**Q** 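One structure, pasted below without further comment.
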There are 2 protein chains.
Amino acid sequence: MYICVVKLEQAIQSNKFKNEMHKASLNILYTAWWLKTQMSKVLKEFGLTHEQYNVMRILKGKYPEQICVKDISCRMIEKSSNVPRIIDRLVIKKLVKRADSPFDKRETVITLTQSGLAVLAASTESVNQLMDEMVKMESEDATQLNLLLERLRGTE
Amino acid sequence: MYICVVKLEQAIQSNKFKNEMHKASLNILYTAWWLKTQMSKVLKEFGLTHEQYNVMRILKGKYPEQICVKDISCRMIEKSSNVPRIIDRLVIKKLVKRADSPFDKRETVITLTQSGLAVLAASTESVNQLMDEMVKMESEDATQLNLLLERLRGTE
DNA sequence: TGTATTTAAGTGTATGTACATCTATTTTTA
DNA sequence: TAAAAATAGATGTACATACACTTAAATACA
């Protein structure tokens, strides 16, 4: 499916919004879907899903330290992600390794493999390139956007 | 799982952002997940998922006119939604009806039932109430947010 | 110290997404 | 007008989400 660049009204074929806040909610949901879809296209070339990529990024953030499943979960953007299952698929592709924690036998610790590091580096380069091409926004606008999103969630 | 109100850095336990735009992307994804999760809690009381609710809202927008599956699809926020399957579940719950189109035998037309209308009205009231309590934002801020999201997607 | 509680991870199920494919139609066009 | 192309919807599969439940291990505490 081809996704052309369109305003929200065109994208969802509606201009009946209760108010600006209602429109903003739909705009956030649509923009999130748009971002994920664009990124997924690039990641697919590396055989990765958006969520698998997210887990790998988190592992890279601590590399070469090992990190347990719970600590990955609490760093996920979507908190209800089922991390053990995402890891299952990364293990099959030999991009990460599972091991028992030496400190707590309940925990499983995960590490990127050499192959995982390589795939992550290559895919990250493609993703960054896509973002540079796709997202046309000044740094000040991005800062303002961050401010407004935090305000919306009531964190200030 | 309890979702407390937190800044992005706390939410994903990271403050390593490549730049403000990178942070904004993650912020959009997180805020979208947060909005969906909060709404889903309310909708669950009515036995509805976020996507089922979205389909019903679209049907309401044209009611009492019937509308075909394709026209629902192109109004969905997430364009890759598998609308026939969402409708399957609404049919089982007798909230919508399927019928053959009299104009084009390939098409299936969908309408809300009386029960569907009632459930939609009640759930919409709850959702609106939630939004009023949850989202603390001035109308001017919402307008600015809409402007920035459109700018990010390159539609101006 | 022994029992109760909590915690970590994994697993089962219903729902949804992303994408490919199939069938029945309608539209195009040679 | 007959064959080819396009379209609408349904369906199959892999992956993910949301949430409940299980098991094993660690921690709390009586």
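Naming convention: chains lettered A, B, ... in sequence-line order (proteins, then strands); numbering from 1 in each chain. Small disclaimer: the values here were computed from a predicted structure and weren't measured.
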**Q** How many Å lie between CG on Leu95(B) and P on dT15(C), as a whole number?
**A** 13 Å
**Q** Return the set of residues passing side-chain hydrogen bond (donor to acceptor under 3.5 Å, both in side chains) with Thr113(B) (not counting sequence neighbours), or none when no residue passes.
**A**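 Once residues adjacent in sequence are excluded, Thr113(B) has no partner under the side-chain hydrogen bond (donor to acceptor under 3.5 Å, both in side chains) criterion.
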**Q** Heavy atoms only, 4.0 Å cut-off, all strands: where does Lys36(A) land among base, sugar-phosphate and nothing?
**A** nothing
**Q** What string of B, S and - do you get for nucleotides 6-11 of chain D 5' to 3' if you count protein non-hydrogen atoms under 4.0 Å?
**A** -BSSSB
**Q** Does a salt bridge link Asp141(B) with Arg151(A), judged by any charged N lying under 4.0 Å from a carboxylate O?
**A** yes
**Q** Can you measure Phe46(B) atom CZ to dT15(C) atom P for me and round it to whole angstrom units?
**A** 19 Å
**Q** Can you check the Ile86(A) CD1 to dA9(C) C1' distance for me, whole Å?
**A**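 In whole Å, dA9(C) C1' lies 14 Å from Ile86(A) CD1.
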**Q** Using atom CD1 of Ile72(A) as one end and atom P of dT7(C) as the other, report the distance to the nearest whole Å.
**A**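 Going from CD1 in Ile72(A) over to P in dT7(C) covers 20 Å.
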**Q** Using atom CH2 of Trp33(A) as one end and atom C1' of dA16(D) as the other, report the distance to the nearest whole Å.
**A**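 Interatomic distance, CH2 of Trp33(A) to C1' of dA16(D): 17 Å.
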**Q** So does Ser81(A) get a side-chain nitrogen or oxygen closer than 4.0 Å to the phosphate oxygens (OP1/OP2) of dT17(D)?
**A** yes
**Q** Any Lys/Arg nitrogen of Arg106(B) or Asp100(B) sitting under 4.0 Å from an Asp/Glu carboxylate oxygen of the other?
**A**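 No, no charged N to carboxylate O under 4.0 Å.
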**Q** Rounded to whole Å, please give me the gap between CG in Asp100(A) and P in dA26(D).
**A** 11 Å
**Q** Could you tell me the separation between the CG atom of Leu43(B) and the P atom of dG16(C), rounded to a whole number of Å?
**A**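 Result: 11 Å.
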**Q** Who are the side-chain hydrogen bond (donor to acceptor under 3.5 Å, both in side chains) partners of Thr111(B), not counting sequence neighbours?
**A**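 side-chain hydrogen bond (donor to acceptor under 3.5 Å, both in side chains) check on Thr111(B) returns Gln66(B).
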**Q** Please tabulate, one pair per line, all N/O donor-acceptor pairs under 3.5 Å involving side-chain atoms of residues 68-78 of chain A, not counting sequence neighbours.
**A**
residue	atom	partner	partner atom	Å
Ser73(A)	OG	Val69(A)	O	3.2
Arg75(A)	NH1	Asp71(A)	O	3.1
Glu78(A)	OE2	Lys36(A)	NZ	2.9

**Q** dT15(C) phosphate, OP1 or OP2: any side-chain N/O from Thr49(B) under 4.0 angstrom?
**A**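 No, because none of the side-chain N or O atoms of Thr49(B) sits under 4.0 Å from OP1 or OP2 of dT15(C).
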**Q** Please list, chain by chain and in numerical order, all residues satisfying side-chain hydrogen bond (donor to acceptor under 3.5 Å, both in side chains) with Gln52(B), sequence neighbours excluded.
**A**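 Only Lys93(B) meet the side-chain hydrogen bond (donor to acceptor under 3.5 Å, both in side chains) criterion with Gln52(B).
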**Q** Taking salt bridge (charged side-chain N to carboxylate O under 4.0 Å, His left out) as the definition, give me every residue that meets it alongside Arg57(A), ordered by chain and number, with sequence neighbours left out.
**A**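 So Arg57(A) forms no salt bridge (charged side-chain N to carboxylate O under 4.0 Å, His left out) with any residue.
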**Q** Can you measure Ile77(A) atom CD1 to dT17(D) atom C1' for me and round it to whole angstrom units?
**A**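 Between C1' of dT17(D) and CD1 of Ile77(A): 15 Å.
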**Q** Under 4.0 Å, heavy atom to any atom of DNA chain D: which of residues 117-127 of chain A qualify?
**A** none
**Q** Please identify each residue that fulfils salt bridge (charged side-chain N to carboxylate O under 4.0 Å, His left out) with Arg85(B), with sequence neighbours left out.
**A** none
**Q** With sequence neighbours left out, which residue pairs that include part of residues 118-138 of chain A fulfil the salt bridge (charged side-chain N to carboxylate O under 4.0 Å, His left out) condition?
**A**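 Found none.
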